[in-house]
Amino acid sequence: KEKPASGMRRATFVVPGAAGPAELSVISLPGDAGGDLANVNRWRGQVGLSPWDEASFKKAAQKVSSPAGTFTVVDLVGGPQRMAAAMTMRNGETWFFKLLGPDGTVGDALPAFKAFIASTKPAG
């Protein structure tokens, strides 16, 4: 279910689930927005997890191709909430797709989240 976009968010969706709803946000920021590992570690902190080093990040990250480019996807599980996140650089902007919510909801929605990422197309 789509919610109104606000602030930096290009889009926001509510994802229902038996464990409670999750939220999918789409954000774009100029440049590299601090870099992949820095962003992932900030998100890990948001869900109660310790930071990754570069090797842990590379081991956990998956690549998902789409018409908009190749996304780096991570599944941050083990804290009080779970987050699946995808990011890609396009035309000087970094695009972030983040699914945040209860572990069960995010886990159940993970295949659909990856399919959504894979279907992402550039505007126009």
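- Met89 and Val64 fall into different hydrophobic clusters, where Ile, Leu, Val, Met, Phe, Trp and Tyr residues are linked whenever their side-chain heavy atoms come under 4.5 Å apart, directly or through other members.
- The closest side-chain heavy-atom distance from Met87 to Val40 is below 4.5 Å.
- Across Val106 and Ala22, no two heavy atoms sit closer than the pair CG2-CB, 4.2 Å.
- Side-chain contact between Leu110 and Asp75: present, with at least one pair of heavy atoms (C-beta onward) separated by less than 4.5 Å.
- Side-chain contact between Glu23 and Thr12 is present, with heavy atoms from C-beta onward closer than 4.5 Å.
- Counting heavy atoms from C-beta on, the side chains of Arg44 and Ser50 come closer than 4.5 Å.
- For Phe71 and Phe97, the gap between ring centers is short of 6.0 Å.
- Classification of Glu93 and Arg10 as a salt-bridged pair holds, one side-chain N sitting under 4.0 Å from a carboxylate O.
- For the residue pair Val14 and Pro16, the shortest heavy atom distance occurs at O-CD, 3.7 Å.
- Hydrophobic clustering places Leu49 together with Trp43 (ILVMFWY residues linked when any side-chain heavy atoms are closer than 4.5 Å, directly or through intermediates).
- Minimum heavy-atom separation, Pro67 to Pro122: O-CD, 3.6 Å.
- One hydrophobic cluster, built from ILVMFWY side chains closer than 4.5 Å, holds both Ile117 and Val15.
- A donor-acceptor pair under 3.5 Å is formed between the side chain of Thr105 and the backbone N or O of Gly20.
- To the nearest 0.5 Å, atom CG of residue Leu76 and atom CZ of residue Arg82 are 9.5 Å apart.
- For the residue pair Ser56 and Asp53, a side-chain donor N or O sits within less than 3.5 Å of a side-chain acceptor on the partner.
- When all heavy atoms of Ala109 and Leu99 are compared, the pair lying nearest together is CB-CD2, 3.9 Å.
- Between Phe57 and Trp52, the angle of the ring planes lies from 30° to 60°, which puts this pair in the tilted group.
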Chi angles and distances behind the side-chain contact (heavy atoms from CB on, under 4.5 Å) call for Arg90, Trp95: CA-CA 7 Å; Arg90 180 167 179 77; Trp95 287 80; 4.3 Å; yes

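- There is a path of hydrophobic side-chain contacts, each under 4.5 Å, that joins Ile27 to Leu37.
- Side-chain polar atoms of Lys63 and Thr72 form a donor-acceptor pair below 3.5 angstrom.
- The closest donor-acceptor contact from the side chain of Ser65 to the backbone of Thr70 lies at 3.5 Å or more, if one exists at all.
- Between Leu100 and Val47 there is a side-chain heavy-atom pair separated by less than 4.5 Å.
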Verdict with reasoning, Lys98 to Val26, per side-chain contact (heavy atoms from CB on, under 4.5 Å): CA-CA 7 Å; Lys98 298 188 309 183; Val26 180; over 6 Å; no

